[in-house]
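First comes the structure, then the notes that go with it.
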Amino acid sequence: MKPHFHKVPIQMRSSFSVRHDVQPNFGNVWHYHPELELHYVVKGEGTRLVGDHVGSFHAGELLLLGENLPHTWHCQEDYFEKYAENYVEAIVIHFSSSCLGHEFLNLPETNALMRLFEKAKRGMQIFGTSREQLKQLMMQAVMAEDLRKVILLLEILEILTKTQEYRNISTTFPFLKATEGDMVRMNSIYNYTLNNFTKDISLKEIASVSNLTMTSFCRYFKIMTKKTYADFFERSPH
């Protein structure tokens, strides 16, 4: 899918962003940004898309997403009900690969960072002891200020560079920047599929959602995603 560029808000006088979000649901826009993203789900469940991978997310999941890797989270249907008492909670750190300075990356002691950033381009799901250590550091970073905040980021990066407790999420993703029209159309296709995957969705039905003929839809979807709609639908959680 062609995703939407997202401008990550970073406060003035800050080199990276740390947020503790508590809200009714995650934003469900398929997007990308040049910053890496460390995302810990404190509460919530549903479906996530990372690159060309479709899977489920739940409380306790911790991911590192690389630069410009398209992604989104879609909560279960009961999070969208008008009077729903459910909410999602996450701690999210956004940082650019050069947020501590280009000279920092050229130090012999930081060679491992470039290898980490390369692995993160496919997305990394962290588990085991590493996840528990990272979770604690991320929670501390929410309240940290000044030099302590930077030290915590360095401790987080040290764990990420050394851990073997991870799996890559996406295969190599054919990233192309989206037009506004592509963004709207692909988000419509994506949202309709995830909201209706419990039933069989016909090609005629999904083509109508995208305002295309069936033939044009099949060609368009294959160009955008490098897979057929049937392949994508089968990978959606049923």
Side-chain angles (χ1 to χ4, degrees), residues 3-51 55-76 79-80 84-101 104 113 116-117 120-121 123-127 130-161 163 166 169-170 183 187:
H4 175 54
F5 175 80
H6 174 64
K7 174 67 174 175
V8 173
I10 296 179
Q11 293 180 350
M12 293 181 62
R13 300 185 63 191
S14 294
S15 55
F16 60 97
S17 166
V18 182
R19 299 199 324 264
H20 182 193
D21 293 339
V22 179
Q23 52 199 32
N25 52 71
F26 292 129
N28 59 356
V29 175
W30 180 238
H31 67 284
Y32 67 95
H33 40 71
E35 296 82 6
L36 290 92
E37 178 174 326
L38 190 63
H39 191 113
Y40 170 58
V41 179
V42 180
K43 184 180 185 299
E45 54 188 332
T47 303
R48 58 165 162 75
L49 280 77
V50 175
S56 299
F57 77 86
H58 50 77
E61 180 175 88
L62 197 152
L63 307 181
L64 176 64
L65 306 179
E67 300 170 341
N68 295 321
L69 178 62
H71 57 278
T72 191
W73 279 259
H74 185 90
C75 295
Q76 289 184 343
Y79 285 84
F80 293 94
E85 296 182 358
N86 289 336
Y87 64 91
V88 294
E89 182 178 357
I91 298 176
V92 185
I93 299 179
H94 288 109
F95 61 97
S96 70
S97 58
S98 60
C99 69
L100 299 178
F104 179 77
L113 284 177
L116 171 67
F117 298 158
K121 289 180 179 179
M124 298 168 62
Q125 182 174 4
I126 315 297
F127 50 88
S130 298
R131 182 184 65 180
E132 294 306 307
Q133 293 173 333
L134 290 167
K135 178 178 70 174
Q136 295 301 321
L137 292 171
M138 291 176 74
M139 289 190 292
Q140 293 178 45
V142 171
M143 303 302 297
E145 297 180 352
D146 302 326
L147 188 57
R148 179 58 186 161
K149 183 179 175 183
V150 176
I151 291 171
L152 286 168
L153 178 63
L154 289 172
E155 291 183 9
I156 287 169
L157 291 173
E158 181 182 30
I159 293 171
L160 288 169
T161 58
T163 186
Y166 76 92
I169 303 170
S170 175
M183 181 196 74
N187 271 303

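Here the structure is a predicted model, which means the values were calculated and not measured. Reckoned from all heavy atoms, side chains included, excluding hydrogens, waters and symmetry mates.
Looking only at side-chain heavy atoms (C-beta outward), L160 and I126 come within less than 4.5 Å of each other. Here the side chains of R148 and I151 are in contact, with some heavy-atom distance below 4.5 Å. Annotation: side chain of M138 is in contact with side chain of Y40 (closest heavy-atom distance under 4.5 Å). Using a 4.5 Å cut-off on side-chain heavy atoms (C-beta onward), L137 and I159 make contact. Side-chain atoms of L69 and K121, non-hydrogen and from C-beta on, never get closer than 4.5 Å to each other. Looking only at side-chain heavy atoms (C-beta outward), L116 and M124 come within less than 4.5 Å of each other.
Note that OG of S17 is 9.5 Å distant from CD of E37, once rounded to the nearest 0.5 Å. Rounding to the nearest 0.5 angstrom, the gap separating the OG atom in S98 from the CZ atom in F117 is 9.0 Å. Distance NZ/K149 to OG/S15: 6.5 Å, rounded to 0.5 Å. Separation of atoms CD1 (I93) and CG (L157) is listed at 9.0 Å; rounding is to 0.5 Å.
Sorted by first then second residue, the salt bridge (Lys or Arg N to Asp or Glu O under 4.0 Å) pairs that include residues 62-72, not counting sequence neighbours, number zero.
No option in E61, H74, H71 other than E61 meets the side-chain hydrogen bond (donor to acceptor under 3.5 Å, both in side chains) test with R48. The side-chain contact (heavy atoms from CB on, under 4.5 Å) test with L38 singles out one residue from L64, I91, L63, and that residue is L64.
The two residues E132 and K135 come nearest to each other via the heavy atoms OE1-NZ, 2.9 Å. Among all heavy-atom pairs drawn from G44 and V88, the shortest one is CA-CG1, 3.9 Å.
Between the K43 side chain and the Y87 main chain, a donor and an acceptor come within less than 3.5 Å of each other. Under a 3.5 Å cut-off, the side chain of T161 and the backbone N or O of E158 do form a donor-acceptor pair. A donor-acceptor distance shorter than 3.5 angstrom exists from the side chain of S96 to the backbone of C99, with no hydrogens or angles considered.
For Q125 and R131, the side-chain atoms include no donor-acceptor pair closer than 3.5 Å.
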* To do: Apply the test side chain to side chain contact (heavy atoms under 4.5 Å, CB included) to residues L100 and L154: give CA-CA distance (whole Å), side-chain angles for both, the deciding distance (0.1 Å), then the verdict.
  => CA-CA 10 Å; L100 299 178; L154 289 172; 3.6 Å; yes
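The aromatic rings of W73 and H39 sit parallel to each other, their planes meeting at less than 30°, with 60° as the upper class boundary.
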